[in-house]
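Order of appearance sets the numbers: ligands from 1, and atoms from 1 within every ligand.
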Amino acid sequence: MTVTETSSHVRKDLFPTGRLFIAGQWRAASEGGLMAVEAPATGERLTDVARATTADVDAAVAAARTAFDSGVWSGLPGRERARILLEVARLIRERSEQLGQIESQDAGKPIGMATNVDVNGAVGAFEYYGMLAQQIDGSVRETPGNVHAYVQREPLGVVAAITPFNFPLILSTSKIAPALAAGNSVVLKPADDTPLSSLMLAEILQEAGIPDGVFNVITGVGSELGDRLVGHPEVDKVAFTGSTEVGAHVAGHAGKNLRPVVSELGGNSANILFADADLDRAINTAIEAFVFNAGQFCMAGSRLYVERPVYERVLERLPQAVANIPWGDITRPESVFGPLISRKQFDRVARLVSETVSAGARVIVGGNPDPDRPGYFYPATVLADVREDHPAVAREVFGPVLTVQPFDTEEEVIEAANGTAYGLAGGVQTGNTAKGHRVSSRLKAGIVWINGWGLMDPAVPFGGVKASGWGRENGPEGLNEYLQTKSIVLNLEG
Ligand code: NAD
């Protein structure tokens, strides 16, 4: 594997200072608290952000409520909201170099990926929902009797958005853009580890013309702020992306106030490689599916099932194919992946691999992080001779780890692929189109790729079934999460 040295050059000048963004103002946390943000590639402290308190949560929700009730945004015609959202997209594009640098250093992403995937994804979300903001239409319903009945679509009010560390920009904009397009106000609580791009987003939204109070950002510790935010009586909807464990807690807490939640949670997705697939392409796809973002991808294809006739051939080819991946130095555009986010995540991945090996798995490649290297770099690792109950198979690893198992029949592999608590994504690699469709339709997952993995677009909904979550982001479905329906019936008599 090509490991390139990591530059310790950290551009601290890029980072916003330790302030919260509430009611259009930058302000210190109410108790003046700060928390350090670390660079995963070096372990260095990048900067400090404000450590919000529950009083700050209350202030942010109050600002969002006041803005919503004033109609300053919720009362604008969709076309006017669209104009401002498209301006947000333009400003993000204009600052893509700076945003890419922030995302790269904060989240440990290679600079090429941070710019091409993360920043472009944010642009795409605002462009897409800017377009849809102009198309929020009601309808007239045919009714018997002398009445005129019509249905209108309305924003919900205040949306609390909570995001995970792995795609800070994309997963916040996939909530903010549709929520704002629909006319809501938003309070964003980004991940404890990766809050920096959200602060820059606040600057951009303000500059684009989003009125004060419509968008607010509170940084801090999720476990300290979460219950207050999620359970706040003035919050009308919670949009949560994160682990299944925290997601279940959030849903339970919001449920006490009967507030709806859209939740995008964990995954442990199966990629099925049939013997009739184009093997070169399928092997490349299988690798991309597990190393993308160092495996810190909710839809990582971490379980590979290979049809028996080509199983040994695939295992023979994986070590060299993995060795050819450039990784490590996040400042080099060609790097495919960088470090894990934190020491905690590194230790978790290392433990799941070692427990799986102790249970009898064979290491095909990887599994040997360099103990002297600063930062949290874990090499791409492939494990064979695994069983469904091995830790790296049964659980979400969230690291660059692939488990490989053979299969003999379609029935058997569909049962294995579905045999997990999760249901986020799936992949079918085959030269037989009918088989691709047939198997895809039986996978219990929110998205399935045939002859590929990971293609995402603002127009294509994603989300999970079972323990992978409720509801969908992206597409018109993502907008509907932030709208409610009201029927108005006018008596035409008298
Ligand atoms: P996490 O669940 O630890 O944290 C997610 C967010 O929840 C963070 O902002 C955190 O501060 C906040 N939080 C923590 N405690 C809270 C509480 N009590 N109440 C409210 N919020 C609280 O997840 P993570 O480690 O940041 O991200 C990794 C997880 O996210 C993985 O399981 C991954 O699969 C999942 N994920 C899912 C998707 C998807 O679209 N399905 C996308 C990305 C990540």
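- Of the residues Ile204, Leu99, Leu205, Val123, the one that meets the side chain to side chain contact (heavy atoms under 4.5 Å, CB included) test with Leu91 is Ile204.
- Residues of the protein with a heavy atom under 4.0 Å from ligand 1 are Ile162, Thr163, Pro164, Phe165, Asn166, Leu171, Lys189, Pro190, Ala191, Asp192, Gly222, Ser223, Gly226, Phe240, Thr241, Gly242, Ser243, Val246, His249, Val250, Glu264, Leu265, Gly266, Gly267, Cys298, Glu396, Phe398, Leu424, Phe462, listed by chain and number.
- Residue pairs meeting the salt bridge (charged side-chain N to carboxylate O under 4.0 Å, His left out) criterion with at least one partner in residues 442-454, sequence neighbours excluded, are Glu411-Arg442.
- The list of side chain to side chain donor-acceptor pair (under 3.5 Å) pairs with a residue in residues 284-293, not counting sequence neighbours, reads Lys109-Asn293.
- Between the side chain of Arg472 and the backbone N or O of Gly464 there is at least one donor-acceptor pair closer than 3.5 Å.
- Side-chain atoms of Asn216 come within 3.5 Å of backbone N or O of Val186 as a donor-acceptor pair.
- Among residues at least two apart or in separate chains, ring pair (Phe, Tyr, Trp, His ring centres under 6.0 Å) pairs with a member in residues 444-473 are Trp449-Trp453.
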